[in-house]
Amino acid sequence: MSESCTYQELRSHLAYLRLSAAAEALPGELDHARTNDLGHSEFLARLLEIEVAATESRRRAGLERFASLPSPWRLSDFDFSAQPSVDKKLVDELGTLRFLDDATNVLLIGPPGVGKTMLAVGLARASIDAGYRTYYTTAADLVARCHRAALEGRWATTMRFFAGPRLLVIDEVGYLPLQSEAAAALFQVITQRYLKSSIVMTTNLGVSSWGKIFDDPMVAAAMLDRLLHRSVVFNIDGESYRMRSHRARSEALRKGVTPATQQ
Ligand code: ADP
Ligand code: MG
């Protein structure tokens, strides 16, 4: 068989196997192999490495899209000196993601603006970077999605969806009161992940006030029981980071000093 026939056949095999990055790199890699007198295995290793890298980057992009993070924050962006009530050592430990192995939950409790979402997103980001399926939702979105699913006869599928990710972030629990159907949805999501996979949850209400979020205090108690059984809890106090930088700026202006640029 002529060289050009072999080449065409090789291209079509690569296309059939959907190894498009390798197919694209083939002419260049053949030239490279000829010029540098590479052996067969060396040539093949280089070609497949290109395909592996392309597959890996597609997978990363897919994980990234699926996760729907609201912002690009990383744990390293968190300014611990501004928030002394957050234990940096503990956050660093969580950043290793060992907590995912035994389905430990993380509960971030505190008033608005203290960095709860930032920490939750930072953990989610670490989980994506480690290659884990990760999903971010607010409690309101989760509840709305479950409500639609119930109406459209997709309840079981939606529950499977929320059971799937290795890490699920549920942000902003407690901002809106949850009626019984909404509470039931949240309860089922928590229950089916219980002892199987981790939840990072943020809330503005201390655990003792959870009765206020839900119509039924028994549901609140049962939910907390499962969430807290194996958990790390952060009680973040202190003032809002936004207010803090706002105040620093105003004070600097009052004193006639140019304020340092702050977020
Ligand atoms: P919360 O979810 O507790 O309401 P956010 O995480 O949304 O608060 O934080 C509010 C804003 O303040 C965000 O822009 C966030 O980046 C910033 N922020 C809060 N805490 C910190 C911190 N310790 N270091 C850096 N930025 C922070
Ligand atoms: Mg928030």
Side-chain angles (χ1 to χ4, degrees), residues 64 67-97 99 104-129 134-145 162 165 167-178 182-183 185-186 189-190 198-210 212-214 220 223-224 227-228 231-253 259-263:
E64 183 88 38
S68 333
L69 299 191
S71 56
W73 290 325
R74 297 179 168 279
L75 289 177
S76 55
D77 297 326
F78 194 80
D79 175 2
F80 287 90
S81 64
Q83 201 53 266
S85 66
V86 175
D87 181 350
K88 180 173 187 310
K89 271 215 189 89
L90 192 51
V91 173
D92 287 345
E93 165 58 31
L94 292 174
T96 66
L97 301 175
F99 76 100
T104 295
N105 297 319
V106 179
L107 196 56
L108 297 152
I109 305 173
V114 293
K116 302 182 298 299
T117 300
M118 192 172 186
L119 287 171
V121 168
L123 288 173
R125 160 72 41 203
S127 162
I128 297 169
D129 288 349
T134 305
Y135 190 71
Y136 169 96
T137 180
T138 60
D141 284 349
L142 180 147
V143 158
R145 186 169 181 151
F162 284 116
L167 175 63
L168 176 67
V169 176
I170 308 178
D171 202 5
E172 299 181 354
V173 175
Y175 282 95
L176 298 170
L178 298 176
L186 188 59
V189 169
I190 290 169
S198 302
I199 295 177
V200 171
M201 185 180 278
T202 83
T203 172
N204 57 321
L205 287 179
V207 167
S208 57
S209 314
W210 267 44
K212 286 186 205 151
I213 315 175
F214 305 100
M223 222 181 279
L224 275 174
L227 271 176
L228 296 177
S231 65
V232 172
V233 178
F234 289 86
N235 275 295
I236 314 180
D237 49 28
E239 63 178 338
S240 150
Y241 193 83
R242 286 196 201 93
M243 293 300 285
R244 189 188 130 93
S245 51
H246 173 72
R247 216 194 35 227
R249 200 170 292 137
S250 322
E251 270 168 21
L253 284 171
T261 320
Q262 265 175 320
Q263 274 186 314

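As the structure is a computational prediction, the values presented were derived from the model and not from experiment. Read the numbers this way: they start at 1 and go in the same order the structure lists the ligands and their atoms.
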Exercise for the section: Check step by step if side chain to side chain contact (heavy atoms under 4.5 Å, CB included) holds for Leu94 and Leu119. Expected result: CA-CA 10 Å; Leu94 292 174; Leu119 287 171; over 6 Å; no

Which is it for Ile128 and Tyr136 under the side chain to side chain contact (heavy atoms under 4.5 Å, CB included) test, yes or no, and what are the steps along the way?
-> CA-CA 11 Å; Ile128 297 169; Tyr136 169 96; over 6 Å; no

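Residue contact annotation: Met118 places no N/O/S atom under 2.8 Å from the Mg ion (ligand 2).
In terms of polar-atom proximity, Gln83 is not counted as a contact of ligand 1, lacking any N or O under 3.5 Å from an N or O of the ligand. For a threshold of 3.5 Å applied to N or O pairs, the pair formed by Val114 and ligand 1 contains at least one separation below that value. Where the criterion is an N or O separation shorter than 3.5 Å, residue side chain and backbone included, Tyr175 fails it with respect to ligand 1. Here's the thing with Phe78: none of its N/O atoms is less than 3.5 angstrom from an N/O atom of ligand 1. In terms of polar-atom proximity, defined here as any N/O pair under 3.5 Å, Phe80 makes no such contact with ligand 1.
Within ligand 1, the atoms closer than 4.0 Å to a non-hydrogen atom of Pro112 are 4 (O), numbered from 1 in the order shown. Counting the atoms of ligand 1 from 1 in the order shown, those under 4.0 Å from a heavy atom of Met118 are 6 (O), 15 (C), 16 (O), 18 (N), 21 (C), 25 (C), 26 (N), 27 (C). The Gly115 neighbourhood of ligand 1 comprises atoms 1 (P), 3 (O), 5 (P), 6 (O), 8 (O), 9 (O), 19 (C), 20 (N), with distances under 4.0 Å to a heavy atom of that residue.
Relative ring orientation between Phe80 and Phe78 is described as perpendicular, the plane-to-plane angle rising above 60° on a 0-90° scale split at 30° and 60°.
Under a 3.5 Å cut-off, the side chain of Ser85 and the backbone N or O of Asp237 do form a donor-acceptor pair.
Taking CG of Asp87 as the start and CG of Asp92 as the end, the distance is 9.0 Å to the nearest 0.5 Å.
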